[in-house]
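Residue numbers run from 1 in the order of the sequence given. In listed order, ligands and their atoms are each counted from 1. All values below come from the heavy atoms of this structure, side chains included, with hydrogens, waters and symmetry mates left out.
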Amino acid sequence: MAMVAASAPGKVILFGEHAVVYGEPALAGAISKRVRVEVARAPGGLRIYSDNKDHRYVEKAVELVFNHLGRSSGLTLRITSELPPASGLGSSAAVSVATIAATAKALGRELSKEEISRLGHRVELEVQGAASPTDTLTATMGGVLYIQPGKKYTWVKASLPLVVGCTGIERSTKQLVEQVRALRDRYPEVVLPIIKNIGGLTREAKKRLEKGGDIGDLMNINHGLLVALGVGNEVLSRLVHAARAAGARGAKITGAGGGGCIIAYAPGETKRVLEAIEAQGCVALDAGIASEGVRLEK
Ligand code: MEV
């Protein structure tokens, strides 16, 4: 049978990381850097060719699709990615979601986005032990999503020129979430208002995005509050300040912090900001918001 392919975007958290763990809203955006998965039926078991470390997600995604459809097959999968792995840009979610869509199609079924998103979240849960649905939902649906824990997400119409700057420092989201929890337990009267404030500025950012307004100041405030929660570090600060000095209207940590990446909002100044991040010895990506989530490729 012929080869089929699917791709899915990576994501950034625009506002609200960490606070979302405590019930506050978050804004997440799919970015224009994608993971592509090609699947062909082949005799024998599973053969995976990939240049990143997401094999466990691929294997689990295939297994869940086989269970979901009640059938299986020998498969050859080839994965190519524009996302640096383990950088907090949702690489494992994008791989999982694209693998699910392509594998189901190779077996003759086109799954709905709801099915893909649900199976994708299960892949992350089973491989990692814990995961919020944010990454797999964003990789599946695309665009900017306003996510309120316990409620259905909504789309926010927004197109943003973004630059992503990656420290190259791998870190554990789980450990950073625990670190913030420990700080909250030690100083609840200090830390809880910070978390509430992050929620407030995420709500304000949603309103501004809907009106096409500037979100630079709010990103800068959000960055300061993340640093206050203890998830900053020297390299992240250098990248944030280099981006602002090069003309970004706002720049902040994106995701769990402690390493990973920053995002900069730099309308009209993308090139200068990319260069400023590279001058710090870091990888810079020119990444707008991707309106399309997972899709089957020709
Ligand atoms: C990590 O991308 C975002 C956190 O808020 C954790 C989570 O929501 O699962 C830090």
Side-chain angles (χ1 to χ4, degrees), residues 8-31 33 35 54 57 83-97 117 120-141 144-151 153 162 164-167 169-185 191-192 194-203 205-206 219 222-233 236 252-263 285 287 289:
K11 71 97 202 7
V12 293
I13 306 249
L14 296 168
F15 291 94
E17 49 274 270
H18 286 291
V20 69
V21 174
Y22 301 89
E24 298 296 334
L27 277 162
I31 56 171
K33 300 289 169 198
V35 174
D54 292 332
Y57 293 89
L83 294 167
S87 57
L89 297 179
S91 163
S92 59
V95 168
S96 304
V97 159
S117 159
H121 186 218
R122 267 193 39 215
V123 171
E124 290 218 309
L125 282 176
E126 292 193 23
V127 176
Q128 296 168 196
S132 82
T134 308
D135 288 15
T136 39
L137 189 62
T138 311
T140 307
M141 301 300 170
V144 173
L145 301 178
Y146 182 72
I147 295 162
Q148 287 171 282
K151 293 195 186 152
Y153 64 90
L162 291 176
V164 180
C166 296
T167 62
I169 304 168
E170 293 189 16
R171 76 291 173 271
S172 148
T173 298
K174 187 163 172 258
Q175 202 182 323
L176 283 146
V177 167
E178 279 166 11
Q179 190 184 309
V180 171
R181 190 177 298 284
L183 194 70
R184 185 217 45 186
D185 289 347
V191 174
L192 284 173
I194 297 175
I195 289 168
K196 287 258 169 285
N197 272 317
I198 294 176
L201 76 87
T202 302
R203 282 185 280 273
K206 175 177 182 278
M219 283 173 76
N222 197 164
H223 178 73
L225 296 177
L226 286 166
V227 171
L229 291 179
V231 300
N233 70 17
L236 287 164
K252 66 181 275 292
I253 291 167
T254 184
C261 302
I262 65 128
I263 48 171
L285 308 173
I289 295 295

>> Taking the side chain as everything from C-beta on, heavy atoms only, tell me whether P25 gets closer than 4.5 Å to K206.
In response: no
> How far is atom 5 (O) of ligand 1 from its nearest protein heavy atom, and which residue and atom is that?
Replying inline: H18 N, 2.9 Å
>> With heavy-atom distances below 4.0 Å as the criterion, list the atoms of ligand 1 near S132.
In response: 8 (O), 9 (O)
> Are any of the side-chain heavy atoms of C166 and L89 separated by less than 4.5 Å?
Replying inline: yes
>> Could you tell me, atom by atom, which parts of ligand 1 come under 4.0 Å of a heavy atom of E17?
In response: 5 (O)
>> If you count heavy atoms of other groups shown closer than 6.0 angstrom to CZ of R171, is the number above 12?
In response: yes
> Between I198 and A19, what is the shortest heavy-atom contact and its length?
Replying inline: CG2-CB, 3.6 Å
>> Starting from atom 1 (C) of ligand 1, what is the nearest protein heavy atom, named by residue and atom, and what distance separates them?
In response: A256 N, 3.8 Å
> Among protein heavy atoms, which sits nearest to atom 8 (O) of ligand 1, and what does the distance come to when rounded to 0.1 Å?
Replying inline: V20 CG1, 3.3 Å
>> Give me the nearest non-hydrogen protein atom to atom 2 (O) of ligand 1 as residue plus atom name, then the distance to 0.1 Å.
In response: G255 CA, 3.7 Å
> Which heavy atom of V231 sits nearest a heavy atom of I253, and at what distance?
Replying inline: O-CD1, 3.8 Å
